[in-house]
2 protein chains.
Amino acid sequence: MLELEQLTQLMAVAEHGTLSAAAEALHISQPSLTRSMQKLENVLGVALFERKKNRVLLNEAGLLAVEEAGKVLSAAEGMEARMAAYARSLRTIAVGSCAPAPMWEVTPLLSRQYPEMTITAEMNEPDKLEDGLVSGTYQLIVTDAPLEKPGILCQEYVTEQLYVSLPPAHPLAKREAVHLSDLAGQTMLLFSELGVWQRLHDEKMQDIRFIVQTERKAFSDLISASVLPSFTTNLTQRYGAPMNRVNVPILDQEATIRFYLCVSEKHRSLLDAVYTDNTHH
Amino acid sequence: MLELEQLTQLMAVAEHGTLSAAAEALHISQPSLTRSMQKLENVLGVALFERKKNRVLLNEAGLLAVEEAGKVLSAAEGMEARMAAYARSLRTIAVGSCAPAPMWEVTPLLSRQYPEMTITAEMNEPDKLEDGLVSGTYQLIVTDAPLEKPGILCQEYVTEQLYVSLPPAHPLAKREAVHLSDLAGQTMLLFSELGVWQRLHDEKMQDIRFIVQTERKAFSDLISASVLPSFTTNLTQRYGAPMNRVNVPILDQEATIRFYLCVSEKHRSLLDAVYTDNTHH
DNA sequence: ATGCCTTACGTTATACGTAATTATT
DNA sequence: AATAATTACGTATAACGTAAGGCAT
């Protein structure tokens with residue numbers, strides 16, 4: 001029977017020009033390669049080489065065989081690659097989220113519950129999240145609205161509440177609460193990658209000037225160093241709240257978002273994992 | 001390393017549903033197949049089966065693997081088929097001819113000279129013959145005009161002379177020779193598959209009525225049984241000339257065709273073979 | 001003299017089938 | 001009981017590397 005190994009060897013011979021060189025490249029002995037190529041010729045029923053006493057040269061059939069071998073081997077490599085990708089996916093939990101903070105919450109919980117699994121997380125638009133969950137690109141998604149769909153489980157997760165983070169000397173710092181309208185005319189620091197919060201920014205904050213920072217560390221440094229107001233939320237505060245800041249809640253309805261976790265039924269256990277572990281907080 | 005045999009076995013398992021049935025179909029023992037599939041799982045790095053105590057079922061990875069295996073195997077089968085076709089072509093001399101008689105001459109000569117080769121012969125149009133010779137579809141062609149082309153050898157072969165074959169009682173039977181115009185108004189028997197002779201038929205025989213026969217044996221029988229005139233040539237007469245017939249040569253220039261043999265340079269020996277053997281006649 | 005291919009030879013590894021084991025229908 | 005899968009075991013095949021031979025550059 002035709003062996004893939006023989007085809008690999010044939011290609012090596014074609015590449016290196018001599019059996020000796022190919023054998024060395026393949027880490028086998030010359031005689032072994034000689035025999036293997038003879039066998040291949042038998043299997044295919046054609047001589048692939050023109051045999052001079054001291055040299056083998058690919059003949060027309062040999063060149064054809066090399067070409068064909070390339071096709072077969074790339075099909076085989078494709079198979080191996082796709083199977084490997086699938087195997088990897090079995091060891092990976094892909095999380096998709098519509099906002100950053102819930103994602104930061106979820107991924108450590110998962111990796112604690114599934115230490116042997118690789119956890120990947122990325123933000124995406126709600127539509128893409130839903131599609132991705134159905135198609136298997138994501139095993140768990142965080143949405144800002146419950147998802148009612150056959151085969152999909154959806155549970156309320158956390159509520160994120162927006163605050164203005166102010167230096168104590170700021171005029172608004174003594175307020176119990178503010179509305180977004182109170183912030184009109186302010187210059188604020190803003191971290192990018194807002195996810196669904198982007199909508200709030202686009203629609204309700206036209207009267208605010210923003211200094212946008214895309215790097216997390218630079219953003220933290222900026223906040224510590226400046227007296228400009230910024231935003232924070234009940235969730236972001238868990239991860240190193242900045243010093244010397246007063247957080248005043250924002251009362252507008254849009255400043256509070258309730259997040260939901262959705263999984264396909266066959267990954268129900270992921271939900272349990274998150275909720276179980278969440279109680280530790 | 002991945003083995004094509006494992007893929008074949010996997011497909012057999014998918015097809016037959018159990019290892020036992022597949023093993024029987026493959027003419028190997030169950031344990032052997034079990035081990036082979038375990039090995040395949042190791043190579044691919046994924047479990048392909050859901051193992052119940054008494055049964056193996058393809059899981060998702062297994063189904064994917066079956067699909068991929070199909071692709072790989074058909075690539076491999078494609079390779080084997082193409083190599084086999086090439087191997088066969090090495091054992092085949094394909095003759096193309098623009099007329100039947102020279103073809104009948106050439107093929108027996110070739111098969112006597114090359115007893116190990118398969119000789120195929122077919123009629124075709126001059127253009128197709130030339131293309132086929134260049135592309136390697138034909139190794140030898142018979143044309144009605146010399147072919148001057150680099151890389152191609154062309155030699156005069158035989159001349160075919162057209163005769164009217166008449167019953168002795170026919171008015172024209174006593175003539176030394178005739179012109180085609182003398183045949184106007186006759187009803188003649190004609191064998192189809194004329195090749196280049198077709199042109200003569202189309203252009204110079206509009207005044208003749210023909211009874212066309214497409215089977216060689218039926219045609220011979222017809223000739224023996226009827227008193228209708230027909231055509232014959234110096235070449236066809238070699239193969240069983242009909243009894244009680246007088247053959248009168250046709251003087252028109254178009255009633256004589258000179259044929260040429262053409263081969264590519266690397267098949268020069270074919271020419272020698274034909275000419276060498278031809279002298280025996 | 002060196003490089004390259006092939007054949008010969010002895011060893012090792014691996015791949016097979018039979019038999020035994022366990023579990024299911 | 002009968003069917004099915006896996007594991008265990010002894011054997012036989014076939015694949016490897018080393019060694020030897022032949023030929024060409």
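Reminder, nothing fancy here: chain letters follow the sequence lines and each chain counts from 1. FYI, side chains are in, hydrogens and waters are out, and symmetry mates aren't considered; it's all heavy atoms of this structure.
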Decide, yes or no, whether a salt bridge links A:Lys128 with A:Glu122 under the criterion of side-chain N to carboxylate O below 4.0 Å. no
Residue among B:Val13, B:Val66, B:Leu64 satisfying side chain to side chain contact (heavy atoms under 4.5 Å, CB included) with B:Leu58: B:Val66
Tell me whether B:Lys39 is salt-bridged to B:Glu3, with the criterion being a basic N under 4.0 Å from an acidic carboxylate O. no
Going 5' to 3' along DNA chain D, which nucleotides are the first and last within contact of chain B (any atom under 4.0 Å from a heavy atom)? D:dT3 to D:dA8
Protein N or O to nucleotides 23-25 of chain C N or O, pairs below 3.5 Å:
unit_1, atom_1, unit_2, atom_2, d
C:dT24, O4', B:Asn54, ND2, 3.4
C:dT24, O2, B:Asn54, ND2, 3.4

Check the surroundings of atom CD in B:Glu24: do more than 12 heavy atoms from other residues, nucleotides or ligands lie under 6.0 Å from it? no
Please indicate whether B:Gln38 has more than 12 foreign heavy atoms, meaning atoms of other residues, nucleotides or ligands, lying under 6.0 Å from its CD. yes
Do A:Gln6 and A:Ser36 have side-chain atoms, one donor and one acceptor, less than 3.5 Å apart? no
Quick check against the 3.5 Å criterion: does A:Glu41 have a side-chain atom that pairs as donor or acceptor with the backbone of A:Ala47? no
Pairing of B:Arg268 and B:Glu265 as salt bridge, 4.0 angstrom limit: no
Taking A:Glu50 for the side chain and A:Asn59 for the main chain, is one N or O donor matched with an acceptor at less than 3.5 Å? no
Please list, for nucleotides 11-18 of chain C, all pairs of protein and nucleotide N/O atoms separated by less than 3.5 Å.
unit_1, atom_1, unit_2, atom_2, d
C:dA15, OP2, B:Lys39, NZ, 2.0
C:dC16, OP2, B:Ser32, OG, 3.1
C:dC16, O5', B:Ser32, OG, 3.3
C:dG17, OP2, B:Ser29, N, 3.1
C:dG17, OP2, B:Ser29, OG, 2.9
C:dG17, N7, B:Arg35, NH2, 3.2
C:dG17, O6, B:Arg35, NH1, 3.1

Using atom types as modelled and distance alone, determine if a side-chain donor or acceptor of B:Thr233 lies under 3.5 Å from a backbone N or O of B:Leu235. yes
